[in-house]
Number of protein chains: 2
Amino acid sequence: MIGRLSALTGVNIETIRYYERAGLLPPPPRTRGGLRAYDEEHVRRLTFIRRSRSLGFPLADIGTLLRLDGSDAQSCERTKAVSLRQLAAVRDKIASLRVLEQALAELTAACRPGRQERCPIIDALTSAPEPAPDQTARAATGRATRRGS
Amino acid sequence: MIGRLSALTGVNIETIRYYERAGLLPPPPRTRGGLRAYDEEHVRRLTFIRRSRSLGFPLADIGTLLRLDGSDAQSCERTKAVSLRQLAAVRDKIASLRVLEQALAELTAACRPGRQERCPIIDALTSAPEPAPDQTARAATGRATRRGS
DNA sequence: CTTGCGTCTGTAGTTGCTACAGACGCTAGC
DNA sequence: GCTAGCGTCTGTAGCAACTACAGACGCAAG
(Lines give C-alpha, C1' and ligand atoms only; values in the text may rest on other atoms or scores of the structure.)
Protein backbone atom coordinates (compact mmCIF):
# COMPACT_ATOMS: atom_id res chain seq x y z
CA MET A 1 0.00 0.00 0.00
CA ILE A 2 2.83 2.36 0.71
CA GLY A 3 4.25 1.44 -2.67
CA ARG A 4 1.07 2.59 -4.33
CA LEU A 5 1.06 5.89 -2.43
CA SER A 6 4.66 6.33 -3.49
CA ALA A 7 3.79 5.70 -7.13
CA LEU A 8 0.80 8.04 -6.99
CA THR A 9 2.68 10.94 -5.47
CA GLY A 10 6.21 10.43 -6.72
CA VAL A 11 7.54 10.41 -3.18
CA ASN A 12 10.06 7.77 -2.18
CA ILE A 13 8.79 5.09 0.19
CA GLU A 14 11.47 5.76 2.78
CA THR A 15 10.66 9.45 2.56
CA ILE A 16 6.97 8.77 3.18
CA ARG A 17 7.80 6.91 6.37
CA TYR A 18 10.16 9.71 7.30
CA TYR A 19 7.36 12.27 6.89
CA GLU A 20 5.17 10.16 9.15
CA ARG A 21 7.87 10.08 11.81
CA ALA A 22 8.32 13.83 11.37
CA GLY A 23 4.64 14.34 12.08
CA LEU A 24 3.75 15.69 8.65
CA LEU A 25 1.75 12.73 7.43
CA PRO A 26 -0.72 11.25 9.94
CA PRO A 27 -0.12 7.59 10.80
CA PRO A 28 -2.53 5.60 8.65
CA PRO A 29 -4.56 2.65 9.92
CA ARG A 30 -2.87 -0.72 9.55
CA THR A 31 -3.96 -4.00 8.04
CA ARG A 32 -4.13 -7.03 10.34
CA GLY A 33 -0.56 -7.78 9.35
CA GLY A 34 0.62 -4.28 10.22
CA LEU A 35 0.92 -2.78 6.74
CA ARG A 36 0.02 0.88 6.26
CA ALA A 37 -3.36 1.37 4.59
CA TYR A 38 -3.66 4.82 3.04
CA ASP A 39 -6.69 6.62 1.65
CA GLU A 40 -7.36 9.53 -0.69
CA GLU A 41 -6.78 12.07 2.04
CA HIS A 42 -3.25 10.80 2.49
CA VAL A 43 -2.66 11.18 -1.22
CA ARG A 44 -3.83 14.78 -1.10
CA ARG A 45 -1.79 15.59 1.94
CA LEU A 46 1.38 14.01 0.65
CA THR A 47 0.95 15.79 -2.65
CA PHE A 48 0.65 19.05 -0.73
CA ILE A 49 3.87 18.22 1.08
CA ARG A 50 5.70 17.36 -2.11
CA ARG A 51 4.65 20.58 -3.81
CA SER A 52 5.63 22.63 -0.82
CA ARG A 53 9.02 20.93 -0.74
CA SER A 54 9.47 21.68 -4.43
CA LEU A 55 9.09 25.35 -3.49
CA GLY A 56 11.84 24.86 -0.95
CA PHE A 57 9.76 25.17 2.21
CA PRO A 58 11.40 23.53 5.23
CA LEU A 59 9.43 20.68 6.74
CA ALA A 60 8.64 22.74 9.83
CA ASP A 61 6.99 25.39 7.66
CA ILE A 62 5.09 22.74 5.75
CA GLY A 63 3.72 21.52 9.06
CA THR A 64 2.50 25.04 9.70
CA LEU A 65 0.98 25.33 6.25
CA LEU A 66 -0.83 22.04 6.68
CA ARG A 67 -2.29 23.19 9.95
CA LEU A 68 -3.35 26.47 8.32
CA ASP A 69 -5.15 24.67 5.56
CA GLY A 70 -8.47 26.32 6.44
CA SER A 71 -9.89 28.85 4.06
CA ASP A 72 -10.45 31.79 6.38
CA ALA A 73 -8.71 35.11 5.92
CA GLN A 74 -6.47 34.58 8.91
CA SER A 75 -4.93 31.35 7.75
CA CYS A 76 -4.53 32.92 4.33
CA GLU A 77 -2.66 35.77 5.94
CA ARG A 78 -0.34 33.46 7.83
CA THR A 79 0.21 31.37 4.75
CA LYS A 80 1.27 34.47 2.93
CA ALA A 81 3.60 35.45 5.75
CA VAL A 82 5.28 32.04 5.68
CA SER A 83 5.61 32.25 1.91
CA LEU A 84 7.09 35.72 2.02
CA ARG A 85 9.61 34.52 4.54
CA GLN A 86 10.52 31.66 2.24
CA LEU A 87 10.76 34.04 -0.70
CA ALA A 88 13.12 36.22 1.29
CA ALA A 89 15.21 33.18 2.22
CA VAL A 90 15.43 32.16 -1.42
CA ARG A 91 16.45 35.66 -2.46
CA ASP A 92 19.11 35.72 0.24
CA LYS A 93 20.56 32.50 -1.04
CA ILE A 94 20.53 33.72 -4.60
CA ALA A 95 22.35 36.88 -3.54
CA SER A 96 24.99 34.87 -1.67
CA LEU A 97 25.44 32.50 -4.56
CA ARG A 98 25.83 35.33 -7.02
CA VAL A 99 28.74 36.63 -5.00
CA LEU A 100 30.33 33.20 -5.19
CA GLU A 101 29.57 32.90 -8.88
CA GLN A 102 31.24 36.20 -9.57
CA ALA A 103 34.34 35.32 -7.57
CA LEU A 104 34.64 31.87 -9.13
CA ALA A 105 34.10 33.22 -12.61
CA GLU A 106 36.86 35.76 -12.17
CA LEU A 107 39.28 33.28 -10.71
CA THR A 108 38.72 30.63 -13.33
CA ALA A 109 38.94 33.20 -16.09
CA ALA A 110 42.24 34.46 -14.73
CA CYS A 111 43.65 30.94 -14.62
CA ARG A 112 45.37 29.81 -17.82
CA PRO A 113 47.36 26.69 -16.99
CA GLY A 114 50.76 26.52 -18.60
CA ARG A 115 50.87 30.22 -19.33
CA GLN A 116 51.54 31.47 -15.85
CA GLU A 117 54.21 30.95 -13.24
CA ARG A 118 51.77 30.66 -10.41
CA CYS A 119 48.17 29.51 -10.34
CA PRO A 120 46.04 32.57 -9.59
CA ILE A 121 43.35 30.47 -7.96
CA ILE A 122 45.73 28.89 -5.48
CA ASP A 123 47.33 32.28 -4.90
CA ALA A 124 43.95 33.81 -4.15
CA LEU A 125 43.11 31.07 -1.68
CA THR A 126 46.52 31.24 -0.04
CA SER A 127 46.71 34.98 0.47
CA ALA A 128 43.67 36.86 -0.56
CA PRO A 129 41.66 39.98 0.01
CA GLU A 130 39.47 39.67 3.06
CA PRO A 131 35.99 40.63 1.85
CA ALA A 132 34.71 42.80 4.68
CA PRO A 133 34.48 41.61 8.30
CA ASP A 134 32.34 38.68 7.15
CA GLN A 135 28.60 38.51 6.72
CA THR A 136 28.46 37.73 3.07
CA ALA A 137 28.25 34.37 1.50
CA ARG A 138 27.29 31.05 2.99
CA ALA A 139 25.07 28.96 0.80
CA ALA A 140 26.81 26.86 -1.81
CA THR A 141 27.72 23.79 0.13
CA GLY A 142 27.45 25.59 3.43
CA ARG A 143 24.29 25.51 5.46
CA ALA A 144 21.87 28.38 5.38
CA THR A 145 21.68 31.00 8.07
CA ARG A 146 19.00 29.99 10.51
CA ARG A 147 15.78 31.85 10.14
CA GLY A 148 14.55 33.53 13.29
CA SER A 149 11.16 32.93 14.95
CA MET B 1 46.63 27.44 21.62
CA ILE B 2 43.63 26.36 19.64
CA GLY B 3 41.88 29.49 20.88
CA ARG B 4 44.60 31.61 19.35
CA LEU B 5 44.41 29.79 16.02
CA SER B 6 40.68 30.32 16.10
CA ALA B 7 41.11 34.04 16.76
CA LEU B 8 43.74 34.39 14.04
CA THR B 9 41.71 32.66 11.36
CA GLY B 10 38.15 33.37 12.39
CA VAL B 11 37.35 29.67 12.42
CA ASN B 12 35.38 28.26 15.34
CA ILE B 13 37.32 26.05 17.74
CA GLU B 14 34.98 23.11 17.31
CA THR B 15 35.22 23.51 13.57
CA ILE B 16 39.02 23.43 13.73
CA ARG B 17 38.91 20.11 15.56
CA TYR B 18 36.35 18.91 13.06
CA TYR B 19 38.68 19.77 10.17
CA GLU B 20 41.42 17.83 11.89
CA ARG B 21 39.16 14.80 12.23
CA ALA B 22 38.14 15.25 8.59
CA GLY B 23 41.78 15.09 7.57
CA LEU B 24 42.00 18.63 6.24
CA LEU B 25 44.20 20.05 8.95
CA PRO B 26 47.17 17.90 9.99
CA PRO B 27 47.20 16.89 13.67
CA PRO B 28 49.53 19.32 15.41
CA PRO B 29 52.10 18.29 18.00
CA ARG B 30 50.86 18.35 21.58
CA THR B 31 52.17 19.94 24.74
CA ARG B 32 53.04 17.66 27.63
CA GLY B 33 49.50 18.12 28.87
CA GLY B 34 48.00 17.15 25.56
CA LEU B 35 47.03 20.58 24.23
CA ARG B 36 47.34 21.24 20.51
CA ALA B 37 50.36 23.38 19.63
CA TYR B 38 49.96 25.03 16.24
CA ASP B 39 52.49 26.89 14.10
CA GLU B 40 52.41 29.35 11.22
CA GLU B 41 51.88 26.62 8.68
CA HIS B 42 48.66 25.65 10.39
CA VAL B 43 47.49 29.23 10.24
CA ARG B 44 48.17 29.36 6.51
CA ARG B 45 46.49 26.07 5.87
CA LEU B 46 43.41 26.86 7.90
CA THR B 47 43.13 30.23 6.20
CA PHE B 48 43.23 28.45 2.87
CA ILE B 49 40.45 26.18 4.04
CA ARG B 50 38.33 29.05 5.27
CA ARG B 51 38.68 30.95 2.02
CA SER B 52 37.84 27.88 0.00
CA ARG B 53 34.78 27.28 2.14
CA SER B 54 33.71 30.88 1.62
CA LEU B 55 33.68 30.10 -2.08
CA GLY B 56 31.42 27.17 -1.36
CA PHE B 57 33.87 24.37 -2.07
CA PRO B 58 32.92 21.10 -0.36
CA LEU B 59 35.46 19.82 2.12
CA ALA B 60 36.36 16.93 -0.16
CA ASP B 61 37.31 19.37 -2.90
CA ILE B 62 39.28 21.47 -0.46
CA GLY B 63 41.25 18.37 0.41
CA THR B 64 42.03 17.99 -3.26
CA LEU B 65 43.01 21.63 -3.59
CA LEU B 66 45.32 21.39 -0.60
CA ARG B 67 47.02 18.37 -2.08
CA LEU B 68 47.38 20.23 -5.39
CA ASP B 69 49.01 23.18 -3.75
CA GLY B 70 52.14 22.81 -5.85
CA SER B 71 52.83 25.44 -8.45
CA ASP B 72 53.31 23.31 -11.55
CA ALA B 73 51.06 23.59 -14.58
CA GLN B 74 49.36 20.30 -13.89
CA SER B 75 48.15 21.16 -10.43
CA CYS B 76 47.05 24.53 -11.78
CA GLU B 77 45.03 22.73 -14.41
CA ARG B 78 43.36 20.47 -11.89
CA THR B 79 42.69 23.39 -9.62
CA LYS B 80 40.95 25.12 -12.47
CA ALA B 81 38.91 22.01 -13.24
CA VAL B 82 37.75 21.77 -9.64
CA SER B 83 36.89 25.45 -9.64
CA LEU B 84 34.94 25.21 -12.88
CA ARG B 85 33.00 22.33 -11.45
CA GLN B 86 32.20 24.41 -8.39
CA LEU B 87 31.22 27.35 -10.58
CA ALA B 88 28.87 25.10 -12.51
CA ALA B 89 27.38 23.80 -9.26
CA VAL B 90 26.81 27.34 -8.04
CA ARG B 91 25.15 28.31 -11.30
CA ASP B 92 22.92 25.26 -11.14
CA LYS B 93 21.78 26.24 -7.70
CA ILE B 94 21.14 29.79 -8.74
CA ALA B 95 19.05 28.58 -11.66
CA SER B 96 17.02 26.31 -9.40
CA LEU B 97 16.52 29.04 -6.87
CA ARG B 98 15.37 31.47 -9.51
CA VAL B 99 12.62 29.09 -10.47
CA LEU B 100 11.54 28.96 -6.84
CA GLU B 101 11.82 32.70 -6.49
CA GLN B 102 9.61 33.25 -9.50
CA ALA B 103 6.97 30.81 -8.29
CA LEU B 104 6.95 32.21 -4.77
CA ALA B 105 6.82 35.78 -6.03
CA GLU B 106 3.80 35.00 -8.18
CA LEU B 107 1.99 33.15 -5.45
CA THR B 108 2.56 35.76 -2.78
CA ALA B 109 1.59 38.54 -5.18
CA ALA B 110 -1.64 36.75 -6.03
CA CYS B 111 -2.51 36.36 -2.37
CA ARG B 112 -4.47 39.25 -0.88
CA PRO B 113 -5.84 38.08 2.45
CA GLY B 114 -9.40 39.17 3.15
CA ARG B 115 -10.12 39.99 -0.45
CA GLN B 116 -10.46 36.48 -1.76
CA GLU B 117 -12.66 33.52 -0.99
CA ARG B 118 -9.85 31.06 -1.15
CA CYS B 119 -6.14 31.43 -0.51
CA PRO B 120 -4.38 31.08 -3.87
CA ILE B 121 -1.23 29.81 -2.23
CA ILE B 122 -3.00 26.98 -0.45
CA ASP B 123 -4.96 26.27 -3.61
CA ALA B 124 -1.77 26.04 -5.62
CA LEU B 125 -0.23 23.64 -3.13
CA THR B 126 -3.36 21.55 -2.91
CA SER B 127 -4.05 21.10 -6.59
CA ALA B 128 -1.47 22.60 -8.84
CA PRO B 129 0.10 22.39 -12.24
CA GLU B 130 2.71 19.68 -12.40
CA PRO B 131 5.82 21.39 -13.78
CA ALA B 132 7.09 18.85 -16.28
CA PRO B 133 7.89 15.22 -15.37
CA ASP B 134 10.26 16.54 -12.70
CA GLN B 135 13.91 17.41 -13.03
CA THR B 136 13.73 21.06 -12.17
CA ALA B 137 14.32 22.66 -8.85
CA ARG B 138 15.85 21.28 -5.69
CA ALA B 139 18.04 23.64 -3.74
CA ALA B 140 16.31 25.94 -1.28
CA THR B 141 16.13 23.79 1.79
CA GLY B 142 16.58 20.65 -0.22
CA ARG B 143 19.95 19.10 -0.72
CA ALA B 144 21.85 19.62 -3.90
CA THR B 145 21.97 17.09 -6.66
CA ARG B 146 25.05 15.01 -6.15
CA ARG B 147 27.88 15.91 -8.41
CA GLY B 148 29.26 13.00 -10.34
CA SER B 149 32.97 12.53 -9.74
C1' DC C 1 47.37 25.52 46.48
C1' DT C 2 43.34 27.08 44.79
C1' DT C 3 40.72 29.62 41.30
C1' DG C 4 39.18 29.85 36.88
C1' DC C 5 39.67 29.91 32.18
C1' DG C 6 41.11 27.11 28.36
C1' DT C 7 41.20 22.68 26.39
C1' DC C 8 40.53 17.80 26.01
C1' DT C 9 37.59 13.59 24.26
C1' DG C 10 33.44 11.71 23.00
C1' DT C 11 28.90 11.97 21.80
C1' DA C 12 24.53 13.85 20.10
C1' DG C 13 21.93 17.20 17.60
C1' DT C 14 20.83 19.82 13.16
C1' DT C 15 18.06 19.13 7.95
C1' DG C 16 15.98 16.07 4.73
C1' DC C 17 16.49 12.45 3.35
C1' DT C 18 18.60 7.61 1.76
C1' DA C 19 20.17 2.90 2.55
C1' DC C 20 20.66 -0.85 4.57
C1' DA C 21 19.67 -5.57 7.72
C1' DG C 22 16.80 -8.86 9.25
C1' DA C 23 12.13 -10.09 10.04
C1' DC C 24 7.55 -10.43 8.55
C1' DG C 25 2.88 -9.94 5.32
C1' DC C 26 0.67 -11.31 1.37
C1' DT C 27 -0.58 -13.44 -2.87
C1' DA C 28 0.03 -16.59 -6.93
C1' DG C 29 1.02 -20.97 -8.49
C1' DC C 30 1.48 -25.86 -7.66
C1' DG D 1 -1.62 -26.60 2.18
C1' DC D 2 2.77 -24.78 1.05
C1' DT D 3 6.27 -22.37 -0.81
C1' DA D 4 8.43 -18.73 -3.73
C1' DG D 5 9.11 -14.13 -4.04
C1' DC D 6 7.90 -9.61 -3.76
C1' DG D 7 6.41 -5.97 -0.71
C1' DT D 8 6.65 -4.03 3.82
C1' DC D 9 7.91 -3.68 8.55
C1' DT D 10 11.16 -1.60 12.38
C1' DG D 11 15.37 0.18 13.68
C1' DT D 12 19.60 1.97 12.81
C1' DA D 13 23.36 4.32 10.40
C1' DG D 14 25.03 7.32 6.91
C1' DC D 15 25.46 11.91 4.08
C1' DA D 16 27.43 17.45 4.64
C1' DA D 17 29.39 20.56 7.60
C1' DC D 18 29.08 21.86 11.44
C1' DT D 19 27.50 23.05 16.46
C1' DA D 20 26.82 22.03 21.27
C1' DC D 21 27.11 19.96 25.02
C1' DA D 22 29.17 16.97 29.47
C1' DG D 23 32.63 15.81 32.32
C1' DA D 24 37.50 15.62 32.91
C1' DC D 25 41.82 17.74 32.67
C1' DG D 26 45.95 21.59 31.68
C1' DC D 27 47.95 25.60 33.02
C1' DA D 28 49.17 30.12 34.77
C1' DA D 29 48.27 33.77 38.29
C1' DG D 30 47.51 35.09 42.91
Side-chain angles (χ1 to χ4, degrees), chain A residues 1-25 27-38 46 49-63 86 89 93 96 137-148, chain B residues 1-25 27-38 46 49-64 86 89 93 96 137-149:
Chain A
M1 307 240 77
I2 199 176
R4 189 169 140 71
L5 179 64
S6 173
L8 282 174
T9 59
V11 176
N12 192 314
I13 289 177
E14 316 259 22
T15 305
I16 293 173
R17 287 194 281 248
Y18 171 73
Y19 287 162
E20 184 180 324
R21 258 174 294 148
L24 286 185
L25 201 59
R30 302 295 186 107
T31 64
R32 268 152 287 124
L35 304 196
R36 290 172 176 82
Y38 295 102
L46 184 53
I49 295 169
R50 183 175 57 63
R51 287 187 183 133
S52 305
R53 279 298 296 139
S54 81
L55 288 174
F57 285 104
L59 296 188
D61 284 359
I62 296 176
Q86 172 63 8
K93 279 187 189 158
S96 298
R138 190 158 307 211
T141 342
R143 292 317 286 124
T145 56
R146 58 188 104 271
R147 293 164 306 109
Chain B
M1 306 242 79
I2 200 177
R4 190 169 138 72
L5 180 63
S6 173
L8 282 173
T9 58
V11 176
N12 192 315
I13 289 177
E14 317 258 22
T15 305
I16 294 174
R17 287 194 282 248
Y18 171 72
Y19 287 162
E20 183 180 325
R21 257 174 295 149
L24 287 185
L25 200 59
R30 303 295 186 109
T31 64
R32 267 151 288 122
L35 304 196
R36 290 172 177 82
Y38 294 103
L46 184 53
I49 295 170
R50 185 175 56 64
R51 287 187 183 134
S52 305
R53 278 298 296 137
S54 81
L55 287 174
F57 285 104
L59 297 188
D61 284 359
I62 296 175
T64 303
Q86 172 64 9
K93 280 188 191 159
S96 299
R138 190 157 307 209
T141 340
R143 293 317 287 124
T145 54
R146 58 188 103 273
R147 294 164 305 111
S149 164

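Each chain gets a letter, A, B and so on, in the order the sequences are listed, and its residues count up from 1.
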Starting at CG of B:L5 and ending at P of C:dT7, how long is that distance when rounded to a whole Å?
10 Å
Rounded to the nearest angstrom, tell me the gap between atom CZ in B:R50 and atom P in D:dA17.
17 Å
Indicate yes or no: at least one non-hydrogen side-chain atom of B:V11 is less than 4.5 angstrom from one of B:Y19.
yes
Between D:dC9, C:dC8, D:dC18, which one does the side chain of B:I2 approach most closely?
C:dC8
With the side chain of B:I13 defined as its heavy atoms from C-beta on, choose the nearest nucleotide among D:dC18, C:dT7, C:dG16.
C:dT7
Look at the side chain of A:T15 and decide which nucleotide, out of C:dC26, D:dA17, C:dT18, has an atom nearest to it.
C:dT18
Once you round it to whole Å, what is the distance between C1' of D:dA17 and CG of B:L24?
11 Å
Take atom CZ of B:R30 and atom P of C:dG6, then tell me their distance rounded to the nearest Å.
19 Å
Between D:dC27, D:dC21, C:dG16, which nucleotide has the shortest distance from any of its atoms to the side chain of B:E14?
D:dC21
Using only atom types and a distance under 3.5 Å, with no angle test, would you say the side chain of B:R53 pairs donor to acceptor with the backbone of B:F57?
yes
Distance test, side-chain N/O of B:N12 to OP1/OP2 of D:dC18, below 4.0 Å
no
Donor-acceptor contact present, side-chain A:S6 to main-chain A:I2, <3.5 Å
no
On DNA chain C, more 5' by nearest nucleotide between A:G34 and B:Y38 is B:Y38
Atom CZ of A:R32 to atom P of C:dG25: distance rounded to whole Å?
11 Å
For D:dT10, does either OP1 or OP2 sit under 4.0 Å from a side-chain N or O belonging to A:R21?
no
Flag side-chain contact, heavy atom, 4.5 Å: B:P28 against B:E20:
yes
Strictly below 4.0 Å: does A:Y19 bring a side-chain N or O up to OP1 or OP2 of C:dC17?
yes
Interatomic distance where CZ belongs to B:R4 and P belongs to D:dA28 [whole Å]
15 Å
D:dC9, OP1 or OP2 - any side-chain N/O from A:R36 closer than 4.0 Å?
yes
Send over the distance from B:R17 CZ to D:dT19 P, rounded to a whole Å.
13 Å
Rounded to whole angstrom units, what separation is found between the OH atom of A:Y18 and the P atom of C:dA19?
15 Å
Give a yes or no answer on whether the side chain of B:R50 reaches the backbone of B:G10 with a donor-acceptor pair at less than 3.5 Å.
no
